[in-house]
Number of protein chains: 2
Amino acid sequence: MSETLLATPTAHADASPKRQAIIEAATRLFMAQGYGPVSMDAIARAANVSKATLYAHFASKDRLFATIVGGRCTQVAFDNAPFPADGLDMRQVLTGIGRRLLGFLLAPETQSILRIAIVESARFPELGTAFLDSGPSMFITRLAAWIAAEHAAGRLDAPDARVAADQFGALLRPLMFLRAMLAVKPAPDEAEIMATVDAAVETFLRAYGPRGR
Amino acid sequence: MSETLLATPTAHADASPKRQAIIEAATRLFMAQGYGPVSMDAIARAANVSKATLYAHFASKDRLFATIVGGRCTQVAFDNAPFPADGLDMRQVLTGIGRRLLGFLLAPETQSILRIAIVESARFPELGTAFLDSGPSMFITRLAAWIAAEHAAGRLDAPDARVAADQFGALLRPLMFLRAMLAVKPAPDEAEIMATVDAAVETFLRAYGPRGR
DNA sequence: GTCTATAGGCCGATAGAC
DNA sequence: GTCTATCGGCCTATAGAC
């Protein structure tokens with residue numbers, strides 16, 4: 001697969017109803033089942049169009065998949081709301097950031113696309129990059145910038161802000177996250193999520209809180 | 001009449017050369033490509049047997065896959081070597097544990113099976129559990145026991161040893177690990193691995209080192 | 001653009017000879 | 001147990017009518 005597979009930003013948003021139906025059906029099926037098990041017949045049937053119409057809009061199953069999933073990566077990207085300004089309680093701020101990030105990571109849409117990106121990254125190398133760039137990388141970069149500012153202000157002691165940001169994200173993905181990715185029951189509940197966030201914040205502050213806390 | 005008490009003819013460890021060839025070929029192909037893309041024809045061809053022979057040993061593709069991958073989970077399990085006894089330098093001990101664990105997590109065999117377990121856990125729920133039980137869960141449990149002992153001895157300050165162990169593992173899986181799972185270049189090199197371990201140990205000791213460090 | 005119909009191939013699984 | 005040969009089905013993709 002070439003990297004041009006993802007570059008399908010048809011300059012004019014094609015609002016053809018059939019095309020839209022195809023995209024919606026393909027998104028639903030691919031996200032639920034991945035690439036292999038979904039047939040073009042099934043997509044055509046779910047979209048209420050014929051296979052010929054399907055192929056009139058998308059040259060091949062590969063291209064349809066890459067278009068759908070690549071676009072989906074940016075669509076479910078982590079909501080990069082701004083981090084709070086100075087003066088708020090550090091623990092509350094971190095807890096809020098952690099809750100938002102972990103909630104995003106555990107959301108069914110995120111899990112689906114992450115699962116698909118992981119397994120299809122061999123066949124579609126651009127998917128891995130698209131997913132990383134769509135959320136995690138940018139989030140860590142922004143969090144690092146915020147941490148650096150807090151460090152400069154003396155409210156954190158994190159000389160290497162990039163590492164600290166990466167580690168805060170990592171602390172939010174303990175075994176519970178792996179268990180969710182592996183679909184091992186029981187699914188994480190709200191209490192477990194909160195406990196994970198609280199523990200991550202606690203450890204982060206123990207490691208990076210201002211000296212002489 | 002059966003001539004042995006130890007082996008049932010069809011069920012267990014059959015040393016038949018054909019069966020062994022099937023297992024080896026299927027392992028290689030499934031690990032490299034996952035479930036869907038590998039056909040029974042391909043496995044038979046790679047094992048130099050006919051498809052009929054294949055089906056004489058394994059009732060279906062599903063069962064063959066579950067047998068192969070389930071067994072593989074325990075085979076590539078993390079080497080649970082004992083943790084060092086008392087009296088050694090804490091930083092060195094943690095660094096050694098971290099290097100071994102991260103090296104294991106990034107090994108191609110581990111990445112393959114983890115990728116497969118993640119994507120096929122919907123179709124084969126037992127795979128997720130098998131993978132978790134084969135390594136990560138037990139490792140965290142053992143690490144937690146060691147941390148609890150160190151806590152009791154006053155060499156660590158980790159009241160909740162289970163959380164601390166889980167977080168140490170999590171600190172070893174920053175973005176670099178996600179990048180590896182997504183097959184995004186460049187692959188982690190030795191320097192990056194060492195830097196990740198050192199940073200994880202540093203943060204862990206900042207958070208859980210003995211008070212008044 | 002959209003349809004029906006089908007080409008052409010590979011799939012999982014089996015029958016029957018030995 | 002092991003083989004050859006094959007079945008019936010589903011797959012991607014296309015031809016041709018409208």
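Sequence lines set the chain letters: A, B, ... in the order given, protein chains first and strands last, and positions in each chain run from 1. All values derive from a computational prediction rather than experimental measurement.
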Phosphate OP1/OP2 of D/dC11: any A/Ser39 side-chain N/O under 4.0 Å: yes
Could you tell me the separation between the [atom1] atom of [X] and the [atom2] atom of [N], rounded to a whole number of Å?
X	N	atom1	atom2	result
B/Phe65	C/dG12	CZ	P	13 Å
B/His57	D/dT2	NE2	C1'	9 Å
B/Ile43	C/dC10	CD1	C1'	15 Å
A/Lys61	D/dT12	NZ	P	5 Å
A/Arg45	D/dT12	CZ	P	11 Å
B/Ile22	D/dC3	CD1	P	9 Å
A/Met40	C/dG9	CE	P	20 Å
B/Asp62	C/dC11	CG	P	16 Å

Evaluation steps, side-chain contact (heavy atoms from CB on, under 4.5 Å), between A/Val197 and A/Val201: CA-CA 6 Å; A/Val197 172; A/Val201 170; 4.3 Å; yes
Lys/Arg N to Asp/Glu carboxylate O, B/Arg91 vs B/Glu202, below 4.0 Å: yes
Electrostatic pair B/Glu120:B/Arg115 at N-O distance under 4.0 angstrom: no
Backbone N/O of B/Ile23 and side chain of B/Thr27: donor-acceptor pair under 3.5 Å: yes
Test applied, side-chain contact (heavy atoms from CB on, under 4.5 Å); reference residue, A/Ile147; option that passes from A/Phe83, A/Tyr208, A/Phe204: A/Phe204
Less than 3.5 Å apart, which donor and acceptor atoms pair up between the side chains of residues 41-49 of chain B and the rest of the protein, not counting sequence neighbours?
unit_1: B/Asp41; atom_1: OD1; unit_2: B/Lys51; atom_2: NZ; d: 3.4
unit_1: B/Asp41; atom_1: OD2; unit_2: B/Lys51; atom_2: NZ; d: 3.1

Sorted by number, the residues of residues 48-56 of chain A with heavy-atom contact under 4.0 Å to DNA chain D: A/Lys51, A/Ala52, A/Tyr55
